[in-house]
Amino acid sequence: HSPRSFFPLGGRPSPPFLSLLPSLLLPPFSMASIKRSADDSAGDNAMASAMIGTADAKRVREDQAPSKVLHLRSLPPDASEQELVSLFNVYGPVKNVLLMRGKAQALVEMHDIYHAMQIISYANNLMLRSHKIRVQYSAHQQLNLDNQQAHAPAVEPGTMITPVLHVQIMNMIHPITIEVLYQVFGKCGAVHRIITFTKGGVFQALVQMSDALTAQAAQAALDQQNIYAGCCQLRVGFSKLPELVVKSNGEKSRDFLNPHLPVDTSSSVAAAAAAAAAAASMRPFAQLPPMGMFGGGPQGMAPHMAGGHAGVAPMMQAPGAGGDFGTAGTVVLVSNLNEEKVDCDALFKLFGVFGDVLRVKILFKKKSTALVQFREPTQAQLAVSLLNGTSFHDHDMHIQISKHGHVAMPRAGEEDTSLTKDYTGSPLHRFRLATSKNRMHVYAPSQSLHISNIAADATDQELKDLFAPFHVELIKRFPNDPKMAIAQCPSVDVACQALVTLHNYNLRGSGLRISFARQAASA
């Protein structure tokens, strides 16, 4: 596909579109990593080498005292600060990152020691772009970096995280439209609404993502990045608004969930765009309204954004859309399964802890391998980050993002239909609502299980009997809320089996809700 020129409305040539970061949370998060000079990189190397020290650099110190500063090794050679922030934000706020460029090492300072200890607990499961990261405590208790060497975390501690992002465009040489913003932010997940305005001579926008977790990923990926080469820099923060209210679809506002809103007819272009949006919403795989788009692969466009036909750019899946259409990065490949004990329902429940699973397919010719399709790319990446390497029925699962954009349902007589299941409308989805508290309580697999929705009249003995086959060592109900409890299993493997077996179990008329707990049960 050879690049060619593209002229949007008005006859002005479109500027080259800057490549987006390489694999923030894995595709489709793809933006150019932070640009820094060779002198800066050399300075970082020297400083990091001095801070890490000979002992830290040459061997893993098993007896190192806990520290909120972690020493990472075996990173991808071109790993960026933002990639590390996105990876470790799952465990807690990241305070500072210092890369040793050219040595595949880094120092990462967490906001507090508790989060650092959590990371060490799951150090064997940490992967970044197929590289297994080696993690240990650093001998340093903090990183003392000046303003030029410190890399700000994606989210400062104490920041209110909402689904709505406040965006400012600095050095805006080229026009920025709602479609441009949809294209950019759509690479990080589903965009629900956008409102644009100008304040203090600066073009600004409010962008509502599908939920707070997706907004946080988008903020980490896009803040300080250029939309076009050398200009139109994004400043992305969080708005205090819980959601946006759009009264009309037009040039300055758009509700992508409601194309039937009144059309702002103040310009013919806006009217045409809104009409196209309404028509597109009737298709299972929506297209962008034809206004100022990056169609046909213009020169300088990132490879993953090129394609389609002239005037139409590839789109993310419409929120909640079903069918055979999917979004790049939503499917994970799971291998080394225990094919005698693992079926589609088991994978649906286990992977459903980390996101809404739409489909599961166990390969017909290789039943130890499966494809799991999530609703959103962030959910797929979270599953890879937290589940990869976890033992399930005595097999360590190997998990990575699949090249497939969706899981296709088999045709009649094509294969054993029990090997592929569609869960699109399942009532067991944990993250259907953007306001769901489940999004804020996703933890890595552990021996501890959090049980909720326990019937008020269920006894402690009934719970113990229910978990007895899994040799649960302790079940402790919350004294201030007896509808919840913590169960301590003998191993992570057994905890996974208990979760898969007992999640949604009907105990005295209430379906139990089970997930991995943040902390262990105590007597």
Please lay out, stage by stage, how Leu428 and Phe348 fare under the test side chain to side chain contact (heavy atoms under 4.5 Å, CB included).
CA-CA 10 Å; Leu428 296 185; Phe348 167 72; 4.0 Å; yes
Kindly determine whether Ile227 and Ile169 satisfy side chain to side chain contact (heavy atoms under 4.5 Å, CB included), including the steps that lead there.
CA-CA 9 Å; Ile227 295 179; Ile169 310 295; 4.2 Å; yes
Side chain to side chain contact (heavy atoms under 4.5 Å, CB included) for Val236 and Val207? Distances and angles first, verdict last.
CA-CA 10 Å; Val236 186; Val207 179; over 6 Å; no
Please test Phe392 against Val334 for side chain to side chain contact (heavy atoms under 4.5 Å, CB included), starting from the C-alpha separation and ending with a verdict.
CA-CA 12 Å; Phe392 185 40; Val334 188; over 6 Å; no
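Exactly one residue among Asp394, Asp396, Thr390 makes a side chain to side chain contact (heavy atoms under 4.5 Å, CB included) with Asp493. That residue is Asp394.
Under the side-chain hydrogen bond (donor to acceptor under 3.5 Å, both in side chains) criterion, Arg513 pairs with Asn504, sequence neighbours left out.
How far CZ of Phe431 is from CG of Asp211: 9.5 Å, rounded to the nearest 0.5 Å. Atom NZ of Lys361 is separated from atom CG of Asp422 by 12.0 Å, given to the nearest 0.5 angstrom. Taking CD1 from Ile119 and CD from Gln136, the interatomic distance works out to 13.5 Å, rounded to the nearest 0.5 Å. In this structure, CE in Met397 is found 8.0 Å from CG in Leu347, a value given to the nearest 0.5 Å. To the nearest 0.5 Å, the span separating CD1 on Ile451 from CZ on Phe467 amounts to 3.5 Å. Taking CG of Leu337 as the start and NE2 of His398 as the end, the distance is 10.0 Å to the nearest 0.5 Å.
Phe354 and Phe516 have parallel rings, their planes meeting at less than 30° on a 0 to 90° scale where 60° marks the start of perpendicular.
A donor-acceptor pair shorter than 3.5 Å cannot be found between the side chains of Arg359 and Gln373. In summary, the side chains of Ser385 and Gln381 do present a donor paired with an acceptor at a separation below 3.5 Å, with no hydrogens or angles considered.
Counting only heavy atoms from C-beta outward, the side chains of Phe88 and Val97 never approach each other to under 4.5 Å. Under the 4.5 Å side-chain criterion, counting only non-hydrogen atoms from C-beta, Gln497 is not in contact with Ser491. Counting heavy atoms from C-beta on, the side chains of Arg430 and Val353 come closer than 4.5 Å. Using a 4.5 Å heavy-atom cutoff, the side chains of Glu81 and Leu99 are in contact. Residues Pro445 and Leu387 form a side-chain contact, since some pair of their non-hydrogen atoms from C-beta on lies under 4.5 Å apart. Residues Thr162 and Pro242 form no side-chain contact, since every pair of their non-hydrogen atoms from C-beta on lies 4.5 Å or further apart. Within the 4.5 Å cutoff, no side-chain heavy atoms of Glu243 are placed close to those of His192. Counting heavy atoms from C-beta outward, Leu358 and Phe374 have side chains that stay 4.5 Å or more apart.
Cation-pi check for Lys367 over Phe364 is met; the charged atom lies under 6.0 angstrom from the ring centroid and within 45 degrees of its normal.
Minimum interatomic distance between Ser391 and Cys496 (heavy atoms only, all atoms of both residues): O-SG, 4.2 Å. Taking both residues in full, the closest heavy atoms of Cys344 and Leu419 are given as SG-O, 3.3 Å, listed atom of the first, atom of the second, then distance. Scanning all heavy atoms of the two residues, the minimum distance from Gly352 to Val357 falls at N-CG2, 3.8 Å. Leu371 and His404 get closest at one heavy-atom pair: CD1-CD2, 4.0 Å. A pairwise comparison of heavy atoms in Leu165 and Ala215 identifies CD2-O, 3.7 Å as the closest pair. Across every non-hydrogen atom of Gln105 and Leu75, the tightest pair is C-CD1, 3.7 Å.
Between the Asp356 side chain and the Ser426 main chain, no donor and acceptor come within less than 3.5 Å of each other. Judged purely by atom type and a 3.5 angstrom limit, His429 uses its side chain to pair as donor or acceptor with the backbone of Tyr423. With His450 contributing its side chain and Ser515 its backbone, the two residues share no donor-acceptor pair below 3.5 Å. Listed for the Ser239 side chain is no donor-acceptor partner under 3.5 Å among the backbone atoms of His166. Under a 3.5 Å cut-off, the side chain of Gln447 and the backbone N or O of Pro490 do form a donor-acceptor pair. Side chain of Gln208 to main chain of Leu244: a donor-acceptor pair is present (N/O by atom type, distance under 3.5 Å, no hydrogens or angles).
Listed by first and then second residue, the salt bridge (charged side-chain N to carboxylate O under 4.0 Å, His left out) pairs involving residues 335-351 are Asp345-Lys421 (not counting sequence neighbours).
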